[in-house]
Participant: 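Mind looking over this structure? Questions follow.
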2 protein chains.
Amino acid sequence: MFRTLNISDAKDSMPKSAVPPEMKPEVDAIVEAIVYLYTESRRLTKEVAARHGLTGPQLTVVKMLETLGELSLSRLSEKIRAQNSTVTGIVDRMEREGLVARARSTSDRRVVQITLTARGHQLAREVKVEPIQIFREALVGLSRDDAKDLLRILTKLANRVRQMVDDGQARGDQT
Amino acid sequence: MFRTLNISDAKDSMPKSAVPPEMKPEVDAIVEAIVYLYTESRRLTKEVAARHGLTGPQLTVVKMLETLGELSLSRLSEKIRAQNSTVTGIVDRMEREGLVARARSTSDRRVVQITLTARGHQLAREVKVEPIQIFREALVGLSRDDAKDLLRILTKLANRVRQMVDDGQARGDQT
DNA sequence: CGCTGATATTTAGCGTGCGAAACATCTAAC
DNA sequence: GTTAGATGTTTCGCACGCTAAATATCAGCG
């Protein structure tokens, strides 16, 4: 039997007062909106990146290294929310294109430091729009109150999800 | 020069009154929250699907076909927000596993109708949680007012993005 | 020193996900 | 009816993105 993260169980321990069943369409609409916003911003990032011969993730990496400087592969993976193995591939291709360089750390020879090459730096300066900025542009149209409400509610939501996930894992998840 | 989708331009035509520069951290937090919610719900979907030997997208397809019945490949692609070529691959693997079947339409022989097999139907009944429901669980903790505000603001946001995208494309996009 | 377990990275295999091109079929226009 | 363009699907090539396993190195311990 699996009991990794039992979502149906979780429901029973939650306040029933809130978001009643008749709001189902609204809930679906919220989900729809979030998915739309995420996928669209991703598509836009990709489009911006493509104008400079980059992929979406590659642009993210370039901007990250420009901002934070040298990063180990692990740190870089955390920053862009991807697995090490995924980033290995991305860095492989970027290295092939001469955008970044790998350097073995001297203090700990397991660690690989990733740095921007001259070409990488130039690209970082060329591309004005950071991935996150595409979202930001859309947010510009909101009133300050709306923005505050949005942040408050989304944060609450994210924390709830985080809690659900933690509960699930605490229940005996062996990775 | 590129002008495929000029995001900086768009800003000029927008109300300056809203979301001022000093709210930058809040804006970043909103983005962070949306990205988190999206990726986490996707991860959870994948986890639920895995318990039944499915991938995330495959579970989505199973639930979609269970709900809507027979769908052409194009319609199915729209529904799950993916390109035809992507769905062709997903359906290939599901067909191989005996979950769905392809049937050439008699009225229009270009069209391929996708249907659930008996095994597909059984799986659909077995798996209680629809992908969207994972989000829903998190939303259960919100007050009704919060849910309404969230929907209102997100919708506004999504419409703004949609408008930005349309503007960009109308401005003369040559792939 | 030699062993053990932890940590950092890579490799291998698979499943999306996309755009472009190939292919089949349909539709309209002549 | 033939031709030209539109539409539905697949194929191809590439880039993620993930997990599991392999590899290399480190840190500590007897």
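Atoms considered below: every heavy atom in the structure, side chains included; atoms not considered: hydrogens, waters and symmetry mates. Here is the naming used below: chain letters follow the sequence lines, and residue numbers restart at 1 for every chain.
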Participant: Calculate, to the nearest 0.5 Å, the distance between atoms CD and CD belonging to A/Q83 and A/E78 respectively.
Facilitator: 11.0 Å
Participant: Think B/S85 has a side-chain N or O under 4.0 angstrom from the OP1 or OP2 of D/dT10?
Facilitator: no
Participant: Identify whether the distance between the nearest side-chain nitrogen and carboxylate oxygen of A/E47 and A/R43 falls below 4.0 Å.
Facilitator: yes
Participant: How long is the line joining CD of A/E95 and P of D/dA15, in whole Å?
Facilitator: 15 Å
Participant: Between A/R81 and A/R110, who's closer to the 5' end of DNA chain D by nearest nucleotide?
Facilitator: A/R81
Participant: Rounding to a whole Å, what distance do you find between A/E78:CD and C/dT9:P?
Facilitator: 10 Å
Participant: Would you mind reading off the distance between A/D108 atom CG and D/dG28 atom C1', rounded to a whole angstrom?
Facilitator: 15 Å
Participant: Would you mind reading off the distance between B/L76 atom CG and D/dT10 atom P, rounded to a whole angstrom?
Facilitator: 11 Å
Participant: What contact category does B/N84 fall into here, base, sugar-phosphate, or nothing, at under 4.0 angstrom with non-hydrogen atoms?
Facilitator: base
Participant: Please report, rounded to the nearest Å, how far the P atom of D/dC18 is from the CD1 atom of A/I90.
Facilitator: 9 Å
Participant: Could you go step by step and tell me if A/V112 and A/S72 meet the side-chain contact (heavy atoms from CB on, under 4.5 Å) rule?
Facilitator: CA-CA 5 Å; A/V112 172; A/S72 76; over 6 Å; no
Participant: Pick the closest DNA chain D nucleotide for A/T106 and for A/T55 by heavy atoms, then say which residue is nearer the 5' end.
Facilitator: A/T55
Participant: A/R102 near the nucleic acid: base, sugar-phosphate alone, or nothing, with a heavy-atom cut-off under 4.0 Å?
Facilitator: sugar-phosphate
Participant: To the nearest Å, give me how far apart CZ (A/R96) and C1' (D/dC16) are.
Facilitator: 13 Å
Participant: Does B/D145 come within less than 4.0 Å of B/K148, counting only side-chain N to carboxylate O?
Facilitator: no
Participant: With a cut-off of less than 4.0 Å, is there a side-chain N or O of A/Q58 near OP1 or OP2 of D/dC16?
Facilitator: yes
Participant: Within the 4.0 Å heavy-atom criterion, would you say B/R42 contacts the bases, only the backbone, or no part of the nucleic acid?
Facilitator: sugar-phosphate
Participant: When you measure from the side-chain N and O atoms of A/T86 to the phosphate of D/dC18, is any distance below 4.0 Å, counting only OP1 and OP2?
Facilitator: yes
Participant: Rounded to the Å, how far apart are A/R104 CZ and D/dT25 C1'?
Facilitator: 9 Å
Participant: Does D/dC14 have OP1 or OP2 sitting under 4.0 Å from an N or O in the side chain of A/R93?
Facilitator: no
Participant: May I ask you to decide whether A/K63 forms a salt bridge with A/E66, counting only side-chain N to carboxylate O separations under 4.0 Å?
Facilitator: no
